[in-house]
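Just below is one structure, and these are the notes that go with it.
All residue numbers refer to positions in the sequence shown, counting from 1.
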Amino acid sequence: MKTSIQTNGLSIGYHDHLLFDNLNVSIPRGEISVFVGSNGCGKSTLLRSIARLLKPTNGSVLLEGKDVQRMSSREVAKKMGILPQSPISPEGLTVHDLVKQGRYPHQSWLNRWSQEDTEKVEAAMKATRVDELRDRPVDELSGGQRQRAWIAMTLAQDTDIILLDEPTTYLDMTHQIEILDLLFELNEQDGRTIIMVLHDINLASRYAHNIIAIKDGAVFNQGTPESIINCELVRSVFGMECQVATDPIFGTPHCIPFGKGRCVVPKVNEAISGA
Ligand SMILES: Nc1ncnc2c1ncn2[C@@H]1O[C@H](COP(=O)(O)OP(=O)(O)O)[C@@H](O)[C@H]1O
Ligand SMILES: [Mg+2]
């Protein structure tokens, strides 16, 4: 496995409260990796520390073997782009202006806006289908359109590694699939490393090559969805009883929660009645 990012004895947290203590995790290059775990377990914190937005208390994050804390912001931004959870754009900022911001790491006083910058911005808007929304203020768009505009900004940054924190939150099913398909294509066609947090374990299983399940400040398990997603993992990580079936279309693990609901089959599964 070629590693793109590695945490090396990483300890991170807020104030005196450590969320992760001595965390060692390797994220493969050229694959889609997804962090899963219950609310508040620290997924966003971990993603932000990988992106150098949070300084570790101890240990380091290595990007292609280099400590991100020893790299300049510009150097990091040329290698990885991050879409945070629920980003907020300045009032009135247009889609075009937002996407152009993705090019800032590539600029300097010597190297002003270039033809290449224009091309990357146009390509990013096209790929995410926001080119027709270019003059619309981002804060006036629907949830799905807004999310696409932010992804376009991250794409315009043209990095090999793209980090996204719950990019499908607030989107309806159609738009969730649209966003995940787009990320899948970016991985398949350009070999980009995609690292994201998803709360839907079934979608995570369908799109991820590699799932990293987080629990109690540690990696509970990591591997292909087929090899790690089972009812023991779901019970331990999410505290939920379920049956893990096979997705009838994709063959990937599909988690069916127990709990209450209308049951329209004659006999309730023994396991459910016993739960
Ligand atoms: N800026 C912050 N300051 C203090 N505590 C925080 C901050 N951000 C998150 N936390 C706390 O850290 C824990 C992990 O949060 P987070 O990384 O957002 O979890 P997740 O993304 O897995 O839901 C939570 O208990 C949360 O309240
Ligand atoms: Mg989060």
> Donor-acceptor pair, Glu185 side chain versus Leu182 backbone, under 3.5 Å?
Replying inline: no
> Same cluster for Ile194 and Ile161 if Ile/Leu/Val/Met/Phe/Trp/Tyr side chains link at under 4.5 Å?
Replying inline: no
> Out of curiosity, Thr7 OG1 to Ile50 CD1, how far, rounded to the nearest 0.5 Å?
Replying inline: 7.0 Å
>> For Lys79, I'd like to know if atom NZ has over 12 heavy atoms of other residues, nucleotides or ligands within 6.0 Å.
In response: no
> Would you call Asp131-Lys126 a salt bridge at under 4.0 Å N-O?
Replying inline: no
> Is Arg134 salt-bridged to Glu122, going by a charged N under 4.0 Å from an acidic O?
Replying inline: yes
> Going hydrophobic residue to hydrophobic residue with side-chain gaps under 4.5 angstrom, can you get from Leu163 over to Leu98?
Replying inline: no
> Taking it one step at a time, do Leu164 and Ile82 satisfy side-chain contact (heavy atoms from CB on, under 4.5 Å)?
Replying inline: CA-CA 6 Å; Leu164 307 102; Ile82 182 168; over 6 Å; no
>> Same cluster or not: Leu203 versus Leu186, using hydrophobic residues (I, L, V, M, F, W, Y) connected whenever any side-chain heavy atoms lie under 4.5 Å apart?
In response: yes
>> I need the Thr154 OG1 to Met80 CE distance, nearest 0.5 Å.
In response: 13.0 Å
>> Check this for me, if you would: do Glu140 and Arg146 make a salt bridge, where the nitrogen-to-carboxylate-oxygen distance has to be below 4.0 angstrom?
In response: no
> Can you get from Ile256 to Ile201 by hopping between Ile, Leu, Val, Met, Phe, Trp and Tyr side chains that sit under 4.5 Å apart?
Replying inline: no
>> Assess, by modelled atom type and distance only, whether the side chains of Ser73 and Arg52 contain a donor and an acceptor separated by less than 3.5 Å.
In response: yes
>> Within the supplied structure, the quantity of interest is the number of heavy atoms (other residues, nucleotides, ligands) at a distance under 6.0 Å from Glu132 CD; does it exceed 12?
In response: no
> Taking atom types as modelled, is there a side-chain donor on Asp67 or Ser60 under 3.5 Å from an acceptor on the other?
Replying inline: no
>> Under a 3.5 Å threshold, yes or no: a donor from one side chain and an acceptor from the other, between Tyr207 and Asp181?
In response: yes
> Under 3.5 Å, is there a donor-acceptor pair between the Asp135 and Thr94 side chains?
Replying inline: no
> Regarding Ser114 and Asp117, is there a side-chain donor-to-acceptor distance under 3.5 Å anywhere?
Replying inline: yes
> Looking only at side chains, do Ser33 and Asn210 share a donor and an acceptor under 3.5 Å apart?
Replying inline: yes
>> If the test is side chain to side chain contact (heavy atoms under 4.5 Å, CB included), which one of Leu63, Val25, Leu62 qualifies with Ile5?
In response: Leu63
>> Tell me whether the rings of His209 and Phe184 are parallel (<30°), tilted (30 to 60°) or perpendicular (>60°).
In response: parallel
> Distance only, no hydrogens: is a donor on one side chain within 3.5 Å (strictly under) of an acceptor on the other, for His199 and Glu166?
Replying inline: yes
